[in-house]
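Shown next, in structure tokens, is the structure this report addresses.
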Amino acid sequence: MEAEGRTVLDGRYQLWEVIGRGSYATVYSATDLETDRHYAIKVLSEGLSRARLQRFQNESSLLLSTRHPHLVAAHATGVWEGRPYLVLDLIRGGSLRDRREFEGPLPWEAVAGPMVEVLAALAMVHHRGLIHRDVKPANILVDENGTAFLCDFGIAHVEGGVKLTKTGSTLGTALYMAPEQRLDPRRVDLTTDIYAVGTTIFRLLSPESAIDLFALPADAARWNSLPPALRPVIQKSTHLDHAQRYPDASAMAEALLRASPPPLRNQIVSRSTCDPAQFPAPDPRIRPPPPPPPPGLWERLRRLLD
């Protein structure tokens, strides 16, 4: 793998430069020598645990079986020299995290459309009975036209599927994570993703930290960094209580559109994928509210904040 430009996976995929690298996988740009199409190929690192391999299989199965205009599509999977890989669409514009780090806080006009597109993708994911559990700016890619694509389903929760975590473990990114997920990554419903969308929007728009938004009173100074019309939307989406958040991706998308100036709202809704009325309904098994928390759950949460 050291000479990516000369490496060919399974006699078909010519690897080029590294375009992303993490603890568990490396992503390369690649050319399919049979079709001359360009892809991104995610190759797992060596020596990963059974749980990590299962998460990769989970992600591969989801993306190979689901198509949506705002999900990064998968086209093939395989194993090369003992390392599983996944062939994905190549999105050349980078992530919203990249843009936020380069430009600083973004204007709402640059964030509204992509986030409604992300909610459209989440509506499809929730329709499939899945919960992403790691929505954040780094997992939202944008192409040259500014179209958003949700990616990285490695820790998605599959309702009724294989359990990938144990109670008390933590999966996700703390800055964007709902409080119930921090306590138990299996005690989630679709509003866990709604919470992450709210913190993602806050992070993209504000110079302030998005950590623990659920603990902020409605009049906290940190909220002042958001446009006034948007503050109640983000406050509702990041409420401590699951049942007080938006009940699904469609409802949150409608609220974001209502909080946007009419010209921007009309521009977004004119895209066929961004009409909340057309979003599919979520699987009832992941709808809020969740079962009542066990005794002591919120006491444990309060101790986390101390």
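Everything numeric in this text was worked out from a predicted model, so none of it was measured.
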Q: Check the pair Arg182, Asp212 against salt bridge (Lys or Arg N to Asp or Glu O under 4.0 Å), reporting the backbone distance first and the verdict last.
A: CA-CA 11 Å; Arg182 287 164 63 177; Asp212 294 343; 2.4 Å; yes

(Q) Walk me through whether Arg203 and Thr200 qualify under side chain to side chain contact (heavy atoms under 4.5 Å, CB included). (A) CA-CA 5 Å; Arg203 173 60 180 160; Thr200 292; 5.8 Å; no

Q | Criterion side chain to side chain contact (heavy atoms under 4.5 Å, CB included) on Val8 and Leu15, from CA distance to verdict | A | CA-CA 6 Å; Val8 179; Leu15 299 188; over 6 Å; no

Q | Worked verdict on Ile201 versus Leu256 for side chain to side chain contact (heavy atoms under 4.5 Å, CB included) | A | CA-CA 10 Å; Ile201 293 173; Leu256 291 178; 3.9 Å; yes

Q | Residue pair Ile41, Leu9: steps toward the side chain to side chain contact (heavy atoms under 4.5 Å, CB included) verdict | A | CA-CA 10 Å; Ile41 297 188; Leu9 267 63; 4.0 Å; yes

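Side-chain contact between Thr77 and Leu64 is present, with heavy atoms from C-beta onward closer than 4.5 Å. Looking at heavy atoms from C-beta onward, Val142 lies out of side-chain contact with Phe149 at the 4.5 angstrom threshold. When side chains are defined from C-beta on, Ile140 does not count as touching Cys151, because their heavy atoms never get closer than 4.5 Å. No side-chain heavy atom of Pro105 sits under 4.5 Å from any side-chain heavy atom of Leu204. Leu71 places a side-chain heavy atom less than 4.5 Å from the side chain of Val125. Taking 4.5 Å as the limit, some side-chain heavy atom of Arg231 sits within range of a side-chain heavy atom of Asn224.
Of all the heavy atoms in Ala174 and Ile211, the pair that sits closest is O-CD1, 3.6 Å. Contact between Ile268 and Ala112 at its shortest, heavy atoms only, is CD1-CB, 3.6 Å. Considering every non-hydrogen atom in both Tyr246 and Ala255, the closest pair reads OH-CB, 3.4 Å. For the pair Phe279 and Ser250, the tightest heavy-atom approach, listed with the atom from each and the gap, is CD2-CA, 3.6 Å. For Asp36 against Thr31, the heavy-atom pair with the smallest separation is OD1-CG2, 3.8 Å. Contact record, Glu208 with Ser206: N-OG, 2.8 Å, taken as the closest heavy-atom pair.
When each of Leu213, Leu216, Ile194 is checked for a side-chain contact (heavy atoms from CB on, under 4.5 Å) with Thr238, only Leu213 meets the rule.
Geometrically, Lys42 does not engage Tyr85 in a cation-pi contact, judged by NZ or CZ lying under 6.0 Å from the ring centre and within 45° of the ring axis.
Val269 and Val111 fall within the same hydrophobic cluster, where Ile, Leu, Val, Met, Phe, Trp and Tyr residues are linked whenever their side-chain heavy atoms come under 4.5 Å apart, directly or through other members. Residues Ile234 and Leu205 share a hydrophobic cluster, clusters being chains of Ile/Leu/Val/Met/Phe/Trp/Tyr side chains in contact below 4.5 Å. Val233 and Tyr176 are assigned to two separate hydrophobic clusters, defined by single-linkage of ILVMFWY side chains at heavy-atom distances under 4.5 Å. Cluster annotation: Tyr39 is connected to Val18 through the hydrophobic network of ILVMFWY side chains, with a link wherever side-chain heavy atoms come within less than 4.5 Å. No continuous path of hydrophobic side-chain contacts links Met124 to Leu141 [ILVMFWY only; heavy atoms under 4.5 Å].
His132 and Asp152 share no side-chain donor-acceptor pair at under 3.5 Å. When only modelled atom types and interatomic distance are considered, Glu117 and Thr273 share no side-chain donor-acceptor pair under 3.5 Å. Checking Ser29 against Glu17 by side-chain atom types alone, a donor-acceptor pair falls below 3.5 Å.
For the pair Ser225 (side chain) and Arg222 (backbone), a donor-acceptor distance under 3.5 Å is present. The closest donor-acceptor contact from the side chain of Ser95 to the backbone of Asn139 lies at 3.5 Å or more, if one exists at all. A donor-acceptor pair is defined here as one N or O able to donate and one able to accept, closer than 3.5 Å; no such pair exists between the side chain of Asp10 and the backbone of Arg12. In this structure, the side chain of Glu180 does not engage the main chain of Val188 through any donor-acceptor pair within 3.5 Å. A donor-acceptor pair is defined here as one N or O able to donate and one able to accept, closer than 3.5 Å; no such pair exists between the side chain of Gln14 and the backbone of Asp32. Formation of a donor-acceptor pair under 3.5 Å by the Thr35 side chain with backbone atoms of Arg37 is found in this model. Judged by distance alone, the side chain of Arg67 and the main-chain N or O of Leu63 form a donor-acceptor pair under 3.5 Å. Side-chain atoms of His126 do not come within 3.5 Å of backbone N or O of Asp189 as any donor-acceptor pair. One N or O on the side chain of Asp143 and one on the backbone of Gly146 form a donor-acceptor pair closer than 3.5 Å. The main-chain N or O of Thr26 is never found under 3.5 Å from a side-chain atom of Arg21 such that the two would form a donor-acceptor pair.
A salt bridge is absent between Glu109 and Arg265; no separation between the charged side-chain nitrogens and carboxylate oxygens falls under 4.0 Å. Here Arg100 does not pair with Asp98 in a salt bridge; the nearest charged N to carboxylate O distance is not below 4.0 Å.
Put simply, CD on Gln235 and CZ on Arg245 are 14.0 Å apart, with the number rounded to the nearest 0.5 Å. To the nearest 0.5 Å, atoms CG (Leu122) and CG (Asp193) are separated by 5.0 Å. Summarising the geometry, atom CG belonging to Leu230 is positioned 12.0 Å from atom CZ belonging to Arg258; distances are rounded to the nearest 0.5 Å. Note that OG of Ser237 and OH of Tyr195 are 8.5 Å apart. Values are rounded to the nearest 0.5 Å. Rounded to the nearest 0.5 Å, atoms CE (Met252) and CG (Leu190) are 12.0 Å apart. For the atom pair CE (Met177) and CG (Leu183), the distance works out to 10.5 Å, reported to the nearest 0.5 Å.
Taking the six-membered ring for Trp and the full ring otherwise, Phe214 and His239 have centroids separated by 6.0 Å or more. Here Tyr13 and Trp80 keep their ring centres 6.0 angstrom or further from each other.
The aromatic rings of Phe202 and Trp223 sit perpendicular, their planes meeting at an angle over 60°, well past the 30° parallel limit.
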